[in-house]
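When reading the values below, keep in mind they use all heavy atoms of this one structure, side chains included, and skip hydrogens, waters and symmetry mates.
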Amino acid sequence: MTGTFTHEFGPARRKFLKQSAAIGGGLTVGFSFPGAFAQKADGAVEINAWVVIRPDDAIIIRYARSEMGQGSMTSAPMLVAEELECDWTRVKIEYASANASVKRKRAWGDMAAVGSRTIRNSQEYLRRAGATAREMLIAAAAQQWGVPASECSASSSFITHGPSKRKVSFGKVADAAARLEPPKDVKLKDPKDWKLIGKSVKRIDIPDTVMGRQRYGIDAQLPGMVYAAIAQCPVFGGKVKSVDASKIQNRRGIIKVIPLETYVAVIADNWWRAKEALRDVAIEWDTAGNSGVSSASIMEFLRAGLTQQEGLAFARREGDVDQAFGAAAKVLEAEYFTPYLAHATMEPMGCLALVKDGKVDVWTSTQSVEASLATAAATAGVPLENVEVHRVQLGGGFGRRGGGQDFVRQGVAIAKAMEGTPVKMLWTREEDMQHDFYRPASLIRMKAGLDASGNPVAWYSRVSAPSIVATLLKLPLKDGIDPQAVASYADQPYSIPNVRIEYAQRNPHVPVGFWRTVGHSQNPYMRECFVDELASAAGKDPYEYRLALLGKAPKELGVLEATARAAGWGKPLRAGVHRGIAVTEAYGSYTSAVAEVSVDDKGALTIHRLVLGIDCGYVVNPDNVIAQMQGSAVFALTALIWGEITIKDGRVEQSNFHDYRLMQLREMPAVEVVMAPSGGFWGGVGEPGQASILPAVCNAIYAATGKRIRSLPLKNHGLTLA
């Protein structure tokens, strides 16, 4: 997921983007760590933007991104601590302030937790931050002793002078270290010397989460706070035409009704009263001509993209595809479809905001605190430095709380209308389900030519799908291609000499956004199922077939072999149980999956076992990698079996968890995770895990039933979860 801002923030947004130097780029290798602030009241000293040390030797490591259950609030500080050579048991982790980041010229770089890039995009400068602080502490101790720094070393929060064996703790020299000029260059550890990276460490957020002490955006409270419930135009793109609030004018607790362009807010002394009163507000909507749109009409629109002649974009062109098809011994063709999906975060969208005296304070669950800050500033019409977005944990994100920022825009707009009074705006579950930025629907036509031995000599794909980049981010598409729409096609790893991948951009009125794993949540399902179709047509084992095609893709080959070996591929299974397999690269990591399933004669599906493999290069916290892969399985299986957002009369039909089902704990199969880190690179973890699961299960269903699943969800094929 690249980019986190929409186009509609106006001058404030442009100023912010200019100031932040292309959000999402992170920091460069030559980044210079800012000098320390003044000593804090408790005697804590800032060595650099990431490291603060107290006189009692407590180490505070700042975390710039968001924590939503992905665990990087533990893993990212581990990178700093590794190079700092501190005692991990003395580490405390705190959020970095977005307001301070503005004032310090983005001292913490990219603060967005999106696209599985927290570790892979920031690992180098986080390690450098720790190494820089370490060298400054060593230099301060050496000066105190009057010895060369080269004779000193750091370990477990102490500096030791080798020849004399003298020791001093970090806390005793922190103040002196903070006054030193940071070294221009530091040497990072060789991976073989890591002490913390690569070890399973308990996540800092888990105790508060399981004990119910965790505070999310929805939990924020302020004295004198009032509450807002909103109703948005149920048809996407529509606006408020007229409002009649006469029925609730004298109702107890009702403070104000605020009609805004695309929604109406009711303010009350508690949220339930606001929500209930909203039902009695008569709102007439201008649906902008979209009230006749349906899932069927959207499918027709997408299907037209498969025959579209003008405006096509080419994501990949190699060899002579047409000639290769003409000479092929066998040609296979298939169409695959995946529907819109909602994020369905357990915490619905909300925002507590206070606009007062030209300043704005916001409490909200956000994946991109910088985007939230920029949105709040633009909405309130104040400078960026006049906004503080107070950091809280997220009750789920999955991409929903990153790019759109509609909830912040709404919350601040309502608070501005109630200036001086803190307003807590909260969506109902129905608003949340029906006003998402959905995972795009996608219709793909695939065609492959096989030679006499069954080897693919030509591959053609036409992707007809909306563009997240063009519609949500309002950014131009390079060469007409949305990278997410063609993900895993443009970069497919198989050795096929003739390849053509085409993209037909089709944007219905349904808003789309980044959904966990984005294009890799759907395209690998289609690609890898079609590869299985080729293997079947060639009369070959699907695992062996892939092996033969991955000679130029050693990472995919390695994780495929490791996963198949762990799953016992080729070994007999008990009667009625069948296997499926898939492999995919996503977010800089390489994943594979093997599924074991059975299907009875009534269509009841049992998923007995999932074996998930990942090569993310280096592993920071193994236990967290396992948790993320298991979480990916929950998300993927939910989408596979039930996930579907449908449109009728221009609006979403689903409204809550009764008609948009989620996987339950008792329904989960056994999930085994195979970590096969090959080293030498840093891949993502939070999103890649999903990529190979759907095709592995669908390929196993084919092995069990002889039925190809070319569209999702499974519930539409008469299959139910046993």
Side-chain angles (χ1 to χ4, degrees), residues 33-65 67 72-101 103-104 107-108 111 122 125-145 149 152-161 166-183 186 195-197 201-208 213-215 388 390-393:
F33 296 101
F37 276 174
Q39 192 177 68
K40 297 178 182 292
D42 63 358
V45 176
E46 181 180 286
I47 308 300
N48 59 41
W50 302 95
V51 179
V52 177
I53 301 177
R54 294 206 312 235
D56 64 358
D57 292 323
I59 308 291
I60 298 168
I61 297 178
R62 293 192 177 119
Y63 175 65
R65 305 197 188 231
E67 177 58 55
S72 58
M73 194 173 191
T74 302
S75 299
M78 286 173 67
L79 295 166
V80 179
E82 176 66 66
E83 292 289 348
L84 181 59
E85 287 284 5
C86 65
D87 178 355
W88 179 255
T89 65
R90 305 285 294 165
V91 169
K92 301 179 185 302
I93 300 166
E94 67 176 30
Y95 277 116
S97 161
N99 179 274
S101 186
K103 294 173 180 176
R104 299 178 71 174
W108 292 278
M111 301 180 84
S122 60
Y125 62 77
L126 289 177
R127 290 188 293 140
R128 286 192 181 282
T132 300
R134 179 194 71 227
E135 292 305 306
M136 293 168 72
L137 290 162
I138 288 174
Q143 285 184 8
Q144 180 178 301
W145 291 325
C152 303
S153 61
S155 180
S156 298
S157 293
F158 280 86
I159 297 110
T160 301
H161 178 232
R166 283 177 291 182
K167 279 189 175 184
V168 65
S169 71
F170 283 3
K172 297 295 190 295
V173 295
D175 187 65
R179 302 173 192 277
L180 299 176
E181 186 73 21
V186 289
K195 302 173 184 175
L196 187 62
I197 295 174
V201 169
K202 293 179 180 179
R203 278 173 39 181
I204 66 157
D205 58 313
I206 294 296
D208 282 349
R213 297 189 298 260
Q214 197 66 264
R215 309 307 290 171
E388 181 65 88
H390 300 270
R391 310 301 300 276
V392 292
Q393 306 290 86

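- The backbone N or O of D56 sits less than 3.5 Å from a side-chain atom of R90, completing a donor-acceptor pair.
- Two residues are said to be in side-chain contact when any heavy atoms from C-beta on lie closer than 4.5 Å; H390 and Y95 fail this criterion.
- Annotation for M111 and A96: closest pair CE-O, 3.7 Å, computed over non-hydrogen atoms.
- Here E94 does not pair with R54 in a salt bridge; the nearest charged N to carboxylate O distance is not below 4.0 Å.
- A donor atom on one side chain and an acceptor atom on the other are found under 3.5 Å apart for D57 and S169.
- The shortest non-hydrogen separation linking D87 to S157 is N-OG, 2.8 Å.
- Checked against side chain to side chain contact (heavy atoms under 4.5 Å, CB included), P207 has the following partners two or more places apart in sequence or in another chain: R213.
- For the atom pair L84 CG and T132 OG1, the distance stands at 10.5 Å (nearest 0.5 Å).
- The distance from atom CG of L196 to atom CD of E85, rounded to the nearest 0.5 Å, is 10.0 Å.
- Of all non-hydrogen atoms in I159 and W145, the two that sit nearest each other are O-CH2, 3.5 Å.
- A salt bridge does not link E67 with R391: none of the charged nitrogens is closer than 4.0 Å to a carboxylate oxygen.
- Atom CZ of R62 is separated from atom CG of N48 by 9.0 Å, given to the nearest 0.5 angstrom.
- Between E82 atom CD and I197 atom CD1 the span is 4.5 Å, to the nearest 0.5 Å.
- Remark: the backbone N or O of V186 is paired with a side-chain donor or acceptor of R128 at under 3.5 angstrom.
- V91 approaches C86 most closely through the heavy-atom pair CG2-SG, 3.7 Å.
- The backbone N or O of E83 sits less than 3.5 Å from a side-chain atom of R134, completing a donor-acceptor pair.
- Of all heavy-atom pairs between T74 and I204, the closest is OG1-N, 2.9 Å.
- In plain terms, the two heavy atoms of A49 and A107 that are nearest each other are CB-CB, 4.1 Å.
- The structure places NZ of K167 at 7.5 Å from OG of S155, a figure rounded to the nearest 0.5 Å.
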